[in-house]
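Encoded as structure tokens, the structure appears first; notes follow it.
The chains referred to below are lettered A, B, ... by the order of the sequence lines, with proteins before strands, and numbering in each begins at 1.
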Amino acid sequence: MSIDSRDQVLAILGSVPEGTVVSYGQVAEMAGLGRGARQVGRILKTLPEGTQIPWHRVVNASGYISVSEPGKTRQIRQLGQENIPVIGGRVDMKKYRWDPSENS
DNA sequence: TGTTTGACGCTCC
DNA sequence: AGGAGCGCCAAAC
């Protein structure tokens, strides 16, 4: 990963509205990483624990939480704080997926 | 340098 | 609707 794409990803995460989620592939696409969805996950994995960055708004394309424990529990809790229900370990993408084309 | 390993995604069935 | 199979991309061995 280049430092540039890493910053790109982090910038994008910062622009994701509260109460919405995005998929790894979506972020990769927006960051100019093409099909580098896995790379996005790798970048997030290297983030420090108490980071300010809203990494919890990122789930896989199916809406499932891709993080393994114990991070998974934290992510679900934080999503809950934003009124995003996580049922059966997954988020309803139909309702909560962020669409950049719809301005708030 | 070749193989394994994922915080992934799409297509088939 | 949900799982299996396969493609992808870097990093870690």
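The phosphate of dG6(B) (OP1 or OP2) has no side-chain N or O of Ser66(A) nearer than 4.0 angstrom.
Distance, Leu13(A) CG to dA7(B) C1': 12 Å, rounded to whole Å. One interatomic measurement links the two molecules: CD of Gln78(A) to P of dA7(B), which rounds to 18 Å at whole-angstrom precision. The separation between Asn60(A) atom CG and dG3(C) atom P is 13 Å, rounded to whole Å. Taking atom CG of Leu33(A) as the reference point, atom P of dC9(C) lies 11 Å away to the nearest angstrom. Taking atom CZ on Arg90(A) and atom C1' on dG3(C), their separation rounds to 12 Å, with Å as the unit. Distance OH (Tyr64(A)) to P (dA7(B)): 18 Å, rounded to an integer number of Å. The CG-P distance, from Asp92(A) to dA1(C), rounds to 11 Å in whole Å. With rounding to whole Å, Tyr24(A) atom OH is found 16 Å from dC9(C) atom C1'.
The number of heavy-atom neighbours closer than 6.0 Å to CG of Asn83(A), taken from other residues, nucleotides and ligands shown, is 12 or below.
Closest approach to the Trp55(A) side chain among dC9(C), dC8(B), dA7(B) is made by dA7(B) (side chain taken as heavy atoms from C-beta onward). Minimum atom distance to the side chain of Arg38(A) is reached by dG6(B), of the listed dA7(B), dG6(B), dA10(C). In this structure, the nucleotide among dG2(C), dC9(C), dA7(B) sitting nearest to the side chain of Leu44(A) is dA7(B).
A donor and an acceptor atom sit less than 3.5 Å apart, one in the side chain of Arg42(A) and one in the base of dC9(C). Residue side chain Arg35(A) does not reach the base of dC8(C) through any donor-acceptor N/O pair under 3.5 Å, judged by distance alone.
As judged by a 4.0 angstrom heavy-atom cut-off over every strand, Ser23(A) is placed among residues touching the sugar-phosphate backbone only.
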**Asked** Checking side-chain contact (heavy atoms from CB on, under 4.5 Å) for the pair Arg57(A)/Gln78(A): CA distance, chi angles, key distance, verdict?
**Response** CA-CA 9 Å; Arg57(A) 298 186 191 149; Gln78(A) 292 187 77; over 6 Å; no
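Between Met30(A) and Gln8(A), every side-chain heavy-atom pair lies at or beyond the 4.5 Å cut-off.
Taken together through direct or relayed side-chain contacts under 4.5 Å among Ile, Leu, Val, Met, Phe, Trp and Tyr, Tyr24(A) and Leu47(A) form part of one hydrophobic cluster.
Put simply, the residue from Gln75(A), Arg77(A), Glu82(A) that forms a side-chain hydrogen bond (donor to acceptor under 3.5 Å, both in side chains) with His56(A) is Glu82(A).
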